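Worksheet: the structure to be examined is printed underneath.
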Amino acid sequence: MASLILSQLAFASENGYKVWEDPSFIKWGKRDPHVTLHCHESVEGSLKYWYNRNKVDLSVSNLAVWNDEAVQSALDSAAFWVKGLPFVKSLSGHWKFLLVSNPAAVPENFYESTFKDSDWETLPVPSNWQMHGFDQPIYTNSLYPFPLDPPHVPTDNPTGCYRTYFHIPKEWNGRRVLLHFEGVDSAFFAWVNGVPVGYRHDSRLPAEFEITDYCYDSDKKNVLSVQVYRWSDGSYLEDQDQWWLSGIHRDVLLLSKPQVFIADYFFKSNLADDFSYADIQVEVKLDYSRETSKDTVLTDYVIEAALYDFGSWYNREGNVDLLSTNVANIQLNRFPTQTLGFHGNMLVGKLEKPKLWSAEHPNLYTLVITLKDASGNVVDCESTPVGIRQVSKAPKQLLINGHPVVIRGVNRHEHHPRLGKTNIEACMVKDLVVMKQHNINAVRNSHYPQHPRWYELCDLFGMYMIDEANIETHGFDLSGHLKHPTQEPIWAAAMMDRVIGMVERDKNHACIFSWSLGNEAGYGPNHSASAGWIRGRDPSRALHYEGGGSRTPSTDIICPMYMRVWDIVKIANDPNETRPLILCEYSHAMGNSCGNLHEYWEAIDNIFGLQGGFIWDWVDQALLKDNGKGGKFWAYGGDFGDSPNDLNFCLNGITWPDRTPHPTLKEVKYVYQPIKVYLRESMVTIKNTNFYDTTEGVAFEWVVLGDGCELGCGVLSVPVIEPQKSCDIEWKSGPWYPLWTSSDSVEIILTITAKLLHPKRWVEAGHVVSSTQVQLPAKRDIVPHIIKAKDDVLSTELLGDNIRFTHKLWEITLNTKTGSLENWKVEGVPILKKRYFLAESCSIQNRTDNLVKLAVAYIGLIKGENGTSNELKKEALFEVDMLYTIHSSGDIIIESNVKTEFLIFLLWPRVGVEFHLGKVGGTK
């Protein structure tokens, strides 16, 4: 009877109640959130697993595929991620699938073992069903793709019915079995052999259910049935700027555990002030819920832990004795100081001379936890890579291991042009390889927790991370009468659940320096409650949230998006603001954009309190679509007949969908480069802005160009530059100086390049880390090239406010009030449109038969300023002196000089000359 009642929850009741429209019903049967479990059989097995799993380097990225081959590659990745885990079984593969228009159209009792599904189609799992011809993708930025009527969703609610079959391995007999979904969009029910086992909504976090009592022994086939709703009340919390895609898009696993097992653990390291040692704490939570004698668990079992030096595994030849790399044993503290809300077991230990983790030096250890019985036999074993590092705060600074590291970041959506939200090992590695090769050191998971493997890879490659909760309610901004869910008590549990689930899953990853409460979801009590919970659970990291103006009490980082350069400078200079500023989004990379990246980084590199930012965003979110002619193209909003849609606003990346770099990425690499070169007066300064790396591993080279032609090149001998230090070279004593003295070139450019001497995980030796061009002092004045005209006489005529210059072939008229060229004709044909400027003065400086020099002083105003000349002069931001030299040949030479006394370099405007040509001969 209970099973029948629970199964009926999957459908609308007679009174109209729908579980998937109830914000207070967020889960049923789901186990508490926890770290990713691996269910090892032994310590040796766990170490071997990580030894093989983390043999990841540049070569893996070359296996990334972005076309139809990706479907099989996703299944291969799912198999790879459980390889070497005897008590983990992947259910990924081709499942039976039926899509119906709404929950009421779901076939009756489709979840029963005896249901006939032979006429159903098949669908690969993991996948989004829209990427396989079912339903349609929808792209919106902030607008919900259904009427804003929370918590209700459309009656037309595409519903996917899944069925697959599995056997329990005979080695699992007598053990507990857990069913683990890593990600399902947006809400779902699950049944095993016709018995309902659970419900969950949250598209980006795991849902795990115990199914021990519902599975058959190894000799009999089991049936898993899943009903997935495209829309649910949870959709109101998932209004991110991305494609709306549905289905079981991450892996589905079976986990086997003993009757008493390691259910969760939290690794913590407290570094000494001088970083000479680290005190280790490991909180371990056991699940002994099926034990009849719970009081004897701690006397019948022993918990132990150890750290192994991960880095030394790959530096040895031949067979590696993994057990010999033990560097610290961690023992149970029999008299722990109780942590608020923690009722588990505390293990403590000490690590001498720890190798610290950072993005520059991603040193990792392997933590192995064992549960043994009274005879010393291993009952259960869990493990994970961990890093020893410290996140702390100082006035206007966020510190990693005591250093105010600079965040050179990007925002990253999970996106594959063929698969949608489904992940592939090689494609994630490709992202990290391209990022590292372009000097990106940080990623913001926009705007939800991502695949568990992504975090392992960021730990491994060295990538600072903001991990973000799956909460965005941007579309509520468009409503004039609805409050954001954060201000409504009925949504509190759902929002808190998403924050808690993120922290509990990801808490052991060294790469995460900050948790984020979500994105563009307003600000209210539910955020305050979530912030309070995180600060109580994990005070070792910073807290981030931009909503509410980026300066609320719920954020430890001032984290604005798209703020102007002068405004971030203003905040940095505010003595009452003690938090660092890191832009959570800036430099919106849509189309031909990112032109002012250098202006941001001139500020960030020079002003205390500014600590970097995350570009929006990493990849163009286009999807592959057949063009009807045998080919494919990258489609955006509206290309699938989706309405409403936001067209090509999903194309904001600095890479194409297949991770081919946009030209912008070269500029990103330049402004993010850690080795800077400046020419200041007589000195060439090379500055190492790294916080941990010296320049011992790089080679410096130089090349000189004269008027675009190479004059010479060579190796530049530079002493090792320590982190945050500089090396000065008198430019006249450099090896390029003899070339400069002997060259008659007008423009001489010096390029200094830093290349890696040795390969890294993400690149081969010889990779260019940094490259900078500086212009050496000119040896002589630049003389413009003028067409020499024989016996040509230039006449000048004053006509009221105009000066007209005439020649037998052309005439030019200049207005002395505006300083503008009023007219320019060649053989009687106008070639210039009239333009208007404000000139403070205009006068003829010199006049001969062959040329006239005319000086004009312009004043620069804020766009749109109106008023009298005297009033406008008071509002002038700068002045520009321009000298026009008009030759009888028709050449006009313009020399400009910008003058200001009160603008700092960050606010320099663009100053130049525009010539707007008129139509000549029917053309523009």
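Every value quoted in this text rests on a predicted model; they were computed, and no experiment measured them.
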**Request:** Report the C-alpha distance between Leu367 and Val282 in whole Å, list the side-chain angles of each, state the deciding distance to 0.1 Å, and finish with yes or no for side-chain contact (heavy atoms from CB on, under 4.5 Å).
**Result:** CA-CA 10 Å; Leu367 170 68; Val282 183; 4.2 Å; yes
**Asked** Any ion pair linking Arg579 and Asp556 (charged N to carboxylate O, less than 4.0 Å)?
**Response** no
**Lys421/Tyr448 under side-chain contact (heavy atoms from CB on, under 4.5 Å): CA gap, chis, key distance, verdict** = CA-CA 12 Å; Lys421 292 298 178 183; Tyr448 41 80; 3.0 Å; yes
**Prompt:** Can you tell me how far CG of Leu237 sits from OG of Ser235, rounded to the nearest 0.5 angstrom?
**Reply:** 9.0 Å
**Message:** Less than 4.5 Å apart, side chain to side chain, heavy atoms only: is that true for Thr384 and Val35?
**Reply:** no
**Message:** Please list all pairs meeting ring-ring contact (aromatic ring centres under 6.0 Å, His included) that have one or both residues in residues 484-506, counting only residues at least two apart or in different chains.
**Reply:** Phe476-His484
**Request:** Flag the pair Arg444 and Glu468 as a salt bridge only when some basic side-chain nitrogen lies within less than 4.0 angstrom of an acidic carboxylate oxygen.
**Result:** yes
**Non-hydrogen atoms of Leu610 and Ile568 that approach each other most closely** = CD2-O, 3.5 Å
**Message:** If you apply the rule side-chain hydrogen bond (donor to acceptor under 3.5 Å, both in side chains), what do you find for Asn423 with His416, and how did you get there?
**Reply:** CA-CA 7 Å; Asn423 289 272; His416 191 287; over 6 Å; no
**Any side-chain heavy-atom pair of Ser446 and Trp616 under 4.5 Å** = yes
**Message:** Students often mix this up, so state it plainly: with edges at 30° and 60°, are the rings of Tyr586 and Trp601 parallel, tilted or perpendicular?
**Reply:** tilted
**Message:** I want to check something: taking the side chain as every heavy atom from C-beta on, are Ile138 and Asn645 in contact at a cut-off of under 4.5 Å?
**Reply:** no
**Message:** Assess whether a salt bridge exists between Arg204 and Asp202, defined as any Lys/Arg side-chain N lying under 4.0 Å from an Asp/Glu carboxylate O.
**Reply:** no
**Request:** Output, in order, the C-alpha distance, side-chain angles, deciding distance and verdict of side-chain contact (heavy atoms from CB on, under 4.5 Å) for Val619 and Asp431.
**Result:** CA-CA 9 Å; Val619 60; Asp431 277 347; 6.0 Å; no
**Residues Tyr545 and Asn519: side-chain donor-acceptor under 3.5 angstrom** = no
**Message:** Does either side chain, that of Asn441 or that of Glu360, offer a donor lying less than 3.5 Å from an acceptor on the other one?
**Reply:** no
**Request:** Would you please classify the geometry between the Phe146 ring and the Tyr236 ring as parallel, tilted or perpendicular, with 30° and 60° separating the classes?
**Result:** perpendicular
**Complete:** Here the pair of heavy atoms bringing Ile557 nearest to Ser514 is CD1-OG, 4.0 Å
**Asked** Could you state the interatomic distance from CG (Leu271) to CG (Asp279), rounded to the nearest 0.5 Å?
**Response** 9.0 Å
**Prompt:** Measuring from Ile26:CD1 to Ser232:OG, what's the distance to the nearest 0.5 Å?
**Reply:** 11.5 Å
**Qualifying side-chain hydrogen bond (donor to acceptor under 3.5 Å, both in side chains) pairs, either residue in residues 385-410, two or more places apart** = Arg408-Thr689
**Heavy-atom side-chain proximity of Leu205 to Pro33 below 4.5 angstrom** = no
**Prompt:** When the ring planes of Trp244 and Tyr144 are compared, do they come out parallel, tilted or perpendicular, using 30° and 60° as the limits?
**Reply:** tilted
**Request:** Would you mind reporting whether Ser269 and Tyr365 have side-chain heavy atoms less than 4.5 Å apart?
**Result:** no
**Message:** Could you check whether atom OH of Tyr277 has more than 12 heavy atoms from other residues, nucleotides or ligands sitting under 6.0 Å from it?
**Reply:** no
**Prompt:** At what distance, to the nearest 0.5 angstrom, does CG of Asp605 lie from NZ of Lys676?
**Reply:** 4.5 Å
**Request:** Indicate yes or no for a side-chain donor-acceptor contact from Lys436 to the backbone of Phe461 under 3.5 Å, with no hydrogens or angles considered.
**Result:** yes
**Asked** Is any NZ, NE, NH1 or NH2 atom of the basic residue among Arg551 and Asp574 found under 4.0 Å from an Asp or Glu carboxylate oxygen of the other?
**Response** yes
**Message:** Can you give me the closest heavy-atom contact between Ala521 and Ile471, atom names plus distance?
**Reply:** CB-CG2, 4.0 Å
**Request:** Determine whether Leu460 and Leu364 make a side-chain contact, defined as any pair of heavy atoms from C-beta on separated by less than 4.5 Å.
**Result:** yes
**Prompt:** For the residue pair Tyr670 and His598, is the inter-centroid distance of their aromatic rings smaller than 6.0 Å?
**Reply:** no
**Message:** Test side-chain contact (heavy atoms from CB on, under 4.5 Å) on Ile388 and Phe267; report intermediate values, then the result.
**Reply:** CA-CA 10 Å; Ile388 310 295; Phe267 174 84; 3.6 Å; yes
**Request:** Give me the ring orientation class for Tyr692 and His361: parallel if the planes are under 30° apart, tilted from 30 to 60°, perpendicular past 60°.
**Result:** tilted
**Prompt:** Is any side-chain N of the basic residue among Glu283 and Lys285 closer than 4.0 Å to the acidic one's carboxylate O?
**Reply:** no
**Message:** Assess whether a salt bridge exists between Arg412 and Asp617, defined as any Lys/Arg side-chain N lying under 4.0 Å from an Asp/Glu carboxylate O.
**Reply:** no
**Message:** Asp538: which residues meet the side-chain contact (heavy atoms from CB on, under 4.5 Å) condition with it, sequence neighbours left out?
**Reply:** Phe266, Trp515, Ser540, Arg541
**Asked** Between Glu414 and Arg250, is there a side-chain N and carboxylate O pair less than 4.0 Å apart?
**Response** yes
**Asked** Is a salt bridge present between Asp467 and Lys507, judged by a nitrogen-to-oxygen distance below 4.0 Å?
**Response** no
**Message:** Can you confirm if the aromatic rings of His509 and Trp454 lie within a centre distance of less than 6.0 Å?
**Reply:** no
**Asn470-Glu238 side chain donor-acceptor pair, cut-off 3.5 Å** = yes
